[in-house]
Amino acid sequence: MVLFSYLRSVIPINMNPVRVRFAPSPTGPLHIGGLRTALYNYLFARKNNGTFILRIEDTDQSRLVPGADEYIIDSLNWCRIPFDEGPGNEGGYEPYRQSERKNIYRQYAEKLVSAGHAYYAFDSADELEQMRKRLKDAGAKNQQYDSISRMQMKNSITLPEGDVKRRIDAGEPYVIRIKIPSGETVTFKDLIHGTVAIHTFDLDDKVIYKSDGMPTYHLANVVDDYLMKISHVIRGDEWLPSTPLHVLLYRFLGWEDAMPQFAHLPLILRPDGNGKLSKRDGDRLGFPVFPLTWKDPATGEVSEGFRARGYFPEAVMNFIAFLGWNPGTEQELFTREELIDAFSLDSVQKAGARFDNEKAKWFNQQYLHRKTDDELSRMLSPFLPEKKIHYSNDFLKNVCRLMKERVSFPHEIISHGDYFFSAPVISDLKAVEKKIKPGIKSLIEELVNRINRLTVFSSEEIDNMIKGFIAEKNINTAELLPVLRYFITGTSGGPSVHEIMSVLGKNEAVNRLNTGLQLIILP
RNA sequence: GGCCUGUUCGUCUAGUGGUUAGGACGUAUCCCUUUCACGGAUAAAACACGGGUUCGACUCCCGUACGGGCUACCA
């Protein structure tokens with residue numbers, strides 16, 4: 001016995017293989033919170049040799065947004081969170097769109113009705129509103145359709161059997177509501193929050209089957225998780241309050257033994273103030289909240305995504321993995337494999353995490369620094385300014401080599417290093433005013449001559465020549481270099497002047513110096 | 001309002017009764033450097049509050065405050 005339990009603890013006996021699902025609703029673009037839920041599900045599945053499933057929860061036909069489900073799949077692909085089963089990737093539990101599963105829910109709703117755990121209700125929206133108002137005015141603690149108020153409503157509990165049948169046969173619209181038992185406490189274990197208990201008095205008789213013939217989330221979710229043999233439900237915190245309802249559904253359907261384990265993830269909060277992160281915050285504070293650029297089909301409004309802003313998918317994944325989870329070590333940069341290896345639901349945070357754009361940028365910068373010059377130069381092409389000049393691959397690689405330490409995003413290599421692609425337009429000497437002293441002009445003229453005489457125009461050669469020149473003339477580096485830099489780049493910062501010159505080539509460097517020289521009036 | 005849930009530097013977090021409360025981002029200063037950055041170093045910066053329990057609480061319990069979520073024929 002002891003040996004057995006020991007073995008059980010060290011050898012994963014997969015009585016219940018891990019099967020998890022990411023179940024977004026295609027009502028709009030997937031945002032960073034949903035992305036993180038998908039990531040955690042994916043990491044958990046990989047870590048436990050399980051299966052990661054994508055299921056589209058489109059039971060609310062009225063809220064469907066065209067292109068949203070495609071956007072979700074595109075986003076997962078960009079982030080390299082591949083699903084093992086899902087739309088277009090059948091795994092034996094298809095279909096994976098709830099709208100295509102429409103005909104399987106009905107029988108379970110009916111089963112609940114015949115078992116006395118659910119009932120038909122014929123109340124109109126108006127009647128429901130009146131009921132809530134009446135309860136509110138009466139000072140009731142809960143204004144809901146429950147074990148007390150249901151007795152005043154039009155449903156198969158209050159109406160005579162014949163009447164119910166007549167209404168249904170006549171095609172009168174109705175919904176099916178769960179009959180929440182009174183005076184019970186529903187308890188379940190959450191992998192992140194621990195034991196959660198709620199009294200059925202605070203639960204209402206939720207609609208589980210709508211008058212349009214579609215189930216609501218609650219029923220569809222439970223039925224599909226059961227049918228798809230889901231072992232763990234990893235979802236956002238917003239579902240915690242309705243989990244007791246789901247537990248009851250498993251119980252009433254006779255599936256309690258197969259009920260998945262629950263893990264409710266903390267929400268991602270906005271960077272300032274309070275509340276859940278939203279698209280608005282991104283627009284207002286100037287950072288993306290969507291992985292890919294999204295154009296709202298209704299308004300035409302475009303929201304730029306992480307990809308368009310120059311974020312690397314691996315950086316975004318690394319960053320959001322750390323929003324609510326921490327490996328407990330001091331390592332922060334994780335490859336996908338390392339994340340899988342280190343991930344555990346036990347170390348997921350309970351409290352919501354604020355989105356921090358500065359940290360996101362830092363992660364991107366770290367990943368950018370680790371890219372090779374070749375990788376970077378290939379990424380640059382879509383950002384390149386007008387291609388009047390043909391930029392050779394070697395040239396681009398050199399620009400990347402010099403600029404990558406100084407930027408956080410690939411496109412910044414071009415914006416911060418614009419002088420590599422076109423000569424600066426210098427109209428005055430104000431920026432280097434203090435350096436322009438008598439003698440500087442002839443000094444630079446002499447230097448240009450020496451540059452012209454250089455046979456090998458390498459960074460080292462240029463550097464050595466300039467150093468020798470400065471020593472020979474007995475001047476300070478700081479008296480000369482800033483002026484050269486200004487003539488070459490039009491700015492005061494950037495890589496070493498000799499590096500820039502060698503990448504630009506002798507002709508270009510000399511031209512720029514001569515152009516600058518013309519502005520110096522002093523001898 | 002009701003229910004659920006949460007609370008360690010500005011932010012992300014480590015910490016599971018005894019620590020100088022650690023790291024990272026950001027900020028400041030210094031070093032490196034013609035410059036900008038990178039890198040390195042240093043600094044400021046936190047246990048929401050009040051009661052318990054205990055020899056001893058950031059750690060456990062209760063309450064308060066504050067935050068968040070849910071409260072639809074939306075998910």
Side-chain angles (χ1 to χ4, degrees), chain A residues 23-27 57-60 62-63 98 121 123-125 128-129 132 136 139-145 173-177 190 192-193 196-199 201-204 206-218 220-221 235-244 264 266-267 269 271-276 319 322-333 347 349-363 365 369 402-408 416 435 466 470 476-486 489 491-498:
Chain A
S25 179
T27 52
E57 309 236 326
D58 54 353
T59 52
D60 186 355
S62 67
R63 292 209 318 157
Q98 289 183 329
D123 317 280
S124 67
L128 290 171
E129 202 184 313
R132 291 190 185 105
K136 192 178 181 183
K141 188 182 162 208
N142 293 319
Q143 296 110 45
Q144 57 191 197
Y145 207 121
Y174 65 90
V175 298
I176 297 176
R177 288 181 179 272
D190 184 274
I192 292 165
H193 294 274
V196 178
I198 189 165
H199 299 94
F201 179 74
D202 293 310
L203 260 27
D204 63 338
K206 277 269 179 313
V207 170
I208 55 173
Y209 199 82
K210 299 184 277 189
S211 58
D212 66 355
M214 283 294 261
T216 59
Y217 171 85
H218 306 293
N221 171 259
R235 74 221 314 185
D237 248 353
E238 69 267 29
W239 294 109
L240 197 53
S242 52
T243 303
H264 289 94
L267 267 14
L269 275 17
D272 66 336
N274 300 115
K276 212 160 57 154
F319 170 62
F322 270 72
L323 245 30
W325 170 82
N326 188 286
T329 64
E330 288 183 358
Q331 183 184 351
E332 292 210 84
L333 265 14
S347 38
Q349 207 74 15
K350 285 180 183 169
R354 255 175 243 277
F355 181 90
D356 180 3
N357 196 227
E358 289 305 314
K359 190 85 184 232
K361 274 160 72 176
W362 178 80
F363 270 105
Q365 184 188 48
H369 290 353
L402 297 183
M403 293 305 294
K404 71 177 178 185
E405 297 274 281
R406 283 156 242 274
V407 300
S408 299
H416 293 197
K435 312 284 178 191
I466 293 177
I470 284 168
N476 288 323
T477 314
E479 293 176 53
L480 183 66
L481 263 295
V483 182
L484 295 185
R485 171 181 298 283
Y486 187 63
T489 70
T491 72
S492 59
S496 298
V497 171
H498 57 269

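Just so it is clear, the values below take in all heavy atoms, side chains as well, and ignore hydrogens, waters and symmetry mates. So that the names make sense, note that chain A is the first sequence line, chain B the second, and so on, each numbered from 1.
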When A:W325 and A:S211 are each assigned the nearest nucleotide of RNA chain B, the 5'-most assignment goes to A:W325
Partner of B:rU64 under the Watson-Crick or G-U wobble criteria, both distances under 3.5 Å, comes out as B:rA48
Take the angle between the ring planes of A:F319 and A:F363 and call it parallel below 30°, perpendicular above 60°, tilted in between.
-> tilted
Below 3.5 Å is the cut-off: list the nitrogen or oxygen pairs between protein and nucleotides 4-6 of chain B, distance only.
residue, atom, partner, partner atom, Å
B:rU5, O3', A:H193, ND1, 3.1
B:rG6, OP1, A:H193, ND1, 3.3

Verify the contact: side-chain N or O of A:K210 to OP1 or OP2 of B:rC74, cut-off strictly under 4.0 Å; return yes or no.
-> yes
Would you say a side-chain N or O of A:T216 is under 4.0 Å from OP1 or OP2 of B:rA72?
-> no
Rounded to whole angstrom, note down the P distance from B:rG6 over to B:rA48.
-> 15 Å
Starting at atom CG of A:L267, determine the distance to atom C1' of B:rA75, rounded to an integer number of angstrom.
-> 14 Å
Mind checking the C1' distance from B:rC49 to B:rU42? Whole angstroms is fine.
-> 34 Å
Under a 4.0 Å N-O cut-off, is there an ion pair linking A:K361 with A:E358?
-> yes
Name the nucleic acid region contacted by A:Q143, choosing base, sugar-phosphate or nothing; use a 4.0 angstrom heavy-atom cut-off, strictly under.
-> nothing
Between A:F355 and A:L269, is any pair of side-chain heavy atoms under 4.5 Å apart?
-> no
For A:P266 and A:A351, which heavy atoms make the closest approach, and how far apart are they?
-> CB-O, 3.2 Å
Could you please name the option among B:rG10, B:rA75, B:rC38 that lies closest to any side-chain atom of A:Y217?
-> B:rA75
Applying the 3.5 Å cut-off to both distances, the Watson-Crick or G-U partner of B:rC3 turns out to be B:rG69
Closest heavy-atom pair and its distance - A:P215, A:A220 | CG-CB, 3.8 Å
Base, sugar-phosphate, or nothing for A:D123, non-hydrogen atoms under 4.0 angstrom?
-> base
For A:V207, does its backbone N or O pair with a side-chain atom of A:T216 as donor and acceptor, under 3.5 Å?
-> yes
Is the backbone of A:K404 close enough, under 3.5 Å, to the side chain of A:H369 for a donor and an acceptor to pair up by distance?
-> yes
Using the P atoms only, state how far B:rC47 lies from B:rU29, rounded to an integer number of Å.
-> 26 Å
Taking only nitrogen or oxygen atoms into account, show me every contact under 3.5 Å that the protein makes with nucleotides 61-67 of chain B, one pair per line with its distance.
none

If the sugar-phosphate is the primed atoms plus P, OP1 and OP2 and the base is the rest, what is the B/S/- string for nucleotides 29-34 of chain B, using protein heavy atoms under 4.0 Å?
-> -----B
Of B:rA75, B:rC73, B:rG68, the nucleotide closest to the side chain of A:V207 is B:rC73
Could you tell me whether A:R235 contacts a base, only the sugar-phosphate backbone, or nothing, with contacts defined as non-hydrogen atoms closer than 4.0 Å?
-> nothing
Describe the nucleic acid contact of A:G324 in one word from base, sugar-phosphate, nothing, applying a heavy-atom distance below 4.0 Å.
-> sugar-phosphate
Side chain to side chain donor-acceptor pair (under 3.5 Å) filter on A:Y217, not counting sequence neighbours, yields A:N221, A:R235
Mind calculating the distance between CD (A:Q144) and P (B:rU71) to the nearest angstrom?
-> 12 Å
Just by modelled atom types, is the A:L333 backbone N or O under 3.5 Å from a matching donor or acceptor in the A:Q331 side chain?
-> yes
Is the backbone of A:D204 close enough, under 3.5 Å, to the side chain of A:R177 for a donor and an acceptor to pair up by distance?
-> no
Which pair of non-hydrogen atoms, one from A:P26 and one from A:D58, has the smallest distance, and what is that distance?
-> CG-CB, 3.8 Å
For atom P, what is the distance between B:rC61 and B:rU53, given to the nearest Å?
-> 15 Å
Could you tell me whether the side chain of A:S496 and the main chain of A:H498 form a donor-acceptor pair under 3.5 Å?
-> no
Using modelled atom types only, decide if a donor and an acceptor are shared between the side chain of A:R485 and the backbone of A:G493 within a distance under 3.5 Å.
-> yes
Closest heavy-atom contact between A:Q98 and A:M214?
-> O-CE, 4.5 Å
Looking only at atom types and distance, does a side-chain atom of A:D190 sit under 3.5 Å from a main-chain N or O of A:H264, one as donor and one as acceptor?
-> yes
Watson-Crick or G-U wobble mate for B:rA75, both contacts under 3.5 Å | none
Among B:rA14, B:rA75, B:rC38, the one nearest A:E238 by side-chain distance | B:rA75
Does A:R177 have a side-chain nitrogen or oxygen under 4.0 Å from the phosphate oxygens OP1 or OP2 of B:rC73?
-> yes
Do A:D123 and A:Y145 have a side chain donor and acceptor closer than 3.5 Å?
-> yes
Does the A:R63 side chain pair with the main chain of A:T59, one donor and one acceptor, at a distance under 3.5 Å?
-> no
Name the nucleic acid region contacted by A:K276, choosing base, sugar-phosphate or nothing; use a 4.0 angstrom heavy-atom cut-off, strictly under.
-> sugar-phosphate
If we take the P atom in both B:rG23 and B:rG15, what is their distance in whole Å?
-> 15 Å
Inter-nucleotide P distance (B:rC73, B:rC60), Å rounded = 40 Å
Which atoms of nucleotides 41-44 of chain B (N or O only) lie under 3.5 Å from a protein N or O atom, and what are those distances?
none

Is A:F322 touching bases, backbone alone, or none of the nucleic acid, heavy atoms closer than 4.0 Å?
-> sugar-phosphate
Can you find an N or O donor on one side and an acceptor on the other, under 3.5 Å apart, linking the side chain of A:R406 with the base of B:rC36?
-> yes
Rounding to the closest angstrom, what is the interatomic distance between B:rG10 and B:rG1 at atom C1'?
-> 34 Å
Does any nucleotide pair with B:rC25 by Watson-Crick or G-U wobble geometry, both distances under 3.5 Å, and what is it?
-> B:rG10
Write down the protein N/O and nucleotide N/O pairs, taken from nucleotides 22-24 of chain B, whose separation is under 3.5 Å; answer none if there are no such pairs.
residue, atom, partner, partner atom, Å
B:rG22, O2', A:E330, OE2, 3.3
B:rG23, O4', A:E330, OE2, 3.2
B:rA24, O4', A:E332, OE2, 3.0
B:rA24, O2', A:E332, OE2, 2.3
B:rA24, O2', A:K359, NZ, 3.0
B:rA24, N3, A:K359, NZ, 3.2

Taking the same atom, C1', in B:rU8 and in B:rA24, what whole-Å distance lies between them?
-> 15 Å
Heavy-atom closest pair, residues A:W239 and A:T243 | O-OG1, 2.8 Å
Which of these nucleotides, B:rU11, B:rC38, B:rG2, is closest to any side-chain atom of A:N142?
-> B:rG2
Could you tell me whether A:D202 and A:K141 make a salt bridge, using a distance below 4.0 angstrom between a side-chain N and a carboxylate O?
-> yes
